[in-house]
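Quick note: numbers below take in every heavy atom, side chains included, and nothing from hydrogens, waters or symmetry partners. Being a predicted model, the structure only gives us computed values, none of them experimental.
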Amino acid sequence: MSKNGSGSEYKASTVYWPGASKKATFFAVAPYSAYSNVSANNSGPTITYTVPQTVSNQEDLLVAEATEVTCDGKSAPALTFNHALAAITFTKGDLGDFTSISKVEISGVNNKGTLSSFETPLSWTNQTIDGSTNTYSITSLNDIMFLMPQTTPTGAKLKVTFKNETENKTYVADLNGTEWKAGHQYTYKLSINKVTGTFNFEVTPSTSSVSKD
């Protein structure tokens, strides 16, 4: 569940291992730009993260932690990265009398939270709606939203605009109580009922990896 992008290399001054009698915790985050939101103390690393409003700026946040590492300098600690966000994707179902989907929007969901441990299972706390920056929209179904894992609050909405040669029509559905887990991909299949003309969607959760160019 990744998004390709440019990386940054951090070069620190020389630091020596304190000796085999000592234990240390190592942690890492990706992308590097998220590191500014990380703090650490004796209890380990914490990250407070706000999802970017523009979908093209959203990235697959990865975190890793190795604890109780013997500081003898004989081998590097192994860091296993885990996906900290939920990936939301969309696909076309039966479009009825319409020919395409011109816009998909999710709003009213938590977009800020705190991750107080990088060990699995990842658990976000202090989740909030930070200002008015929690409405996310795409105009291409190839785009992926990387959003805060959560049980969505009351007022969360899914808005979809269908179009054909003569009209655009927008449908809105409630997303109240929807569960998005860290490291999971959720694919929403968007359809129009030909008989009733009503909008409906199916959701398929997955743990498979997703690439995003």
With the side chain counted from C-beta on, respond yes when [X] and [Y] share a heavy-atom pair under 4.5 Å apart, and no when they do not.
X      : Y      : answer
Pro205 : Gln185 : no
Leu115 : Tyr49  : no
Val38  : Thr46  : no
Pro52  : Glu59  : no
Thr25  : Val69  : no

Would you say [Y] and [X] are linked by a side-chain donor-acceptor pair, where the criterion is simply a distance under 3.5 Å?
X      : Y      : answer
Ser107 : Glu105 : no
Thr128 : Asp130 : no
Thr135 : Gln53  : no

request  = Apply salt bridge (charged side-chain N to carboxylate O under 4.0 Å, His left out) to Asp174 and list each qualifying residue two or more places apart in sequence or on a separate chain.
outcome  =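 Salt bridge (charged side-chain N to carboxylate O under 4.0 Å, His left out) check on Asp174 returns Lys157.
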message = Tell me every residue that passes salt bridge (charged side-chain N to carboxylate O under 4.0 Å, His left out) with Lys22, counting only those two or more places apart in sequence or in another chain.
response =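 Salt bridge (charged side-chain N to carboxylate O under 4.0 Å, His left out) list for Lys22, sorted by chain: empty.
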ask   = Rounded to the nearest 0.5 Å, how far does NE2 of His83 lie from NE2 of His184?
value =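 Rounded to the nearest 0.5 Å, the NE2-NE2 separation comes out at 10.5 Å.
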ask   = Atom OG1 in Thr50, atom CG in Asn110: separation rounded to 0.5 Å?
value =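 These two atoms lie 11.0 Å from each other.
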Who pairs with [X] by side chain to side chain donor-acceptor pair (under 3.5 Å), at least two apart in sequence or on another chain?
X      : value
Thr114 : Thr48
Thr170 : Thr161
Thr166 : Asn164

With no hydrogens and no angle check, is any side-chain donor or acceptor of [X] less than 3.5 Å from a backbone partner on [Y]?
X      : Y      : value
Asp94  : Gly96  : yes
Ser100 : Ser102 : no
Thr70  : Asp72  : no
Gln127 : Pro149 : yes

query = Can you get from Ile192 to Val172 by hopping between Ile, Leu, Val, Met, Phe, Trp and Tyr side chains that sit under 4.5 Å apart?
reply =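 In one cluster with Ile192: Val172, no.
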Test side-chain contact (heavy atoms from CB on, under 4.5 Å) applied to [X] - qualifying residues, sequence neighbours left out:
X      : value
Thr204 : none
Thr152 : Val109, Gln150, Ala156, Leu175, Thr178, Trp180
Glu202 : Lys189
Thr196 : Asn193, Thr198

task = Answer yes or no: are there more than 12 heavy-atom neighbours, outside Asp97 itself, under 6.0 Å from its atom CG?
result =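 No, the 6.0 Å shell around CG holds no more than 12 heavy atoms from other groups.
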task = Check whether more than 12 heavy atoms from other residues, nucleotides or ligands sit under 6.0 Å from atom NZ of Lys23, and answer yes or no.
result =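 Yes, the 6.0 Å shell around NZ holds more than 12 heavy atoms from other groups.
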Side-chain donor-acceptor distances from residues 73-82 under 3.5 Å, at least two apart:
none

task = Check ring pair (Phe, Tyr, Trp, His ring centres under 6.0 Å) between Phe90 and all other residues, then give those that pass, not counting sequence neighbours.
result =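 Here the qualifying residues are Tyr188.
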Those residues that, when tested against Tyr35, pass ring pair (Phe, Tyr, Trp, His ring centres under 6.0 Å) (two or more places apart) =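 For Tyr35 there are no ring pair (Phe, Tyr, Trp, His ring centres under 6.0 Å) partners, ignoring immediate neighbours.
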Nearest non-hydrogen partners of Phe162 and Ser191, listed with the distance =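 Between these two residues, the closest heavy atoms are CZ-O, 4.2 Å.
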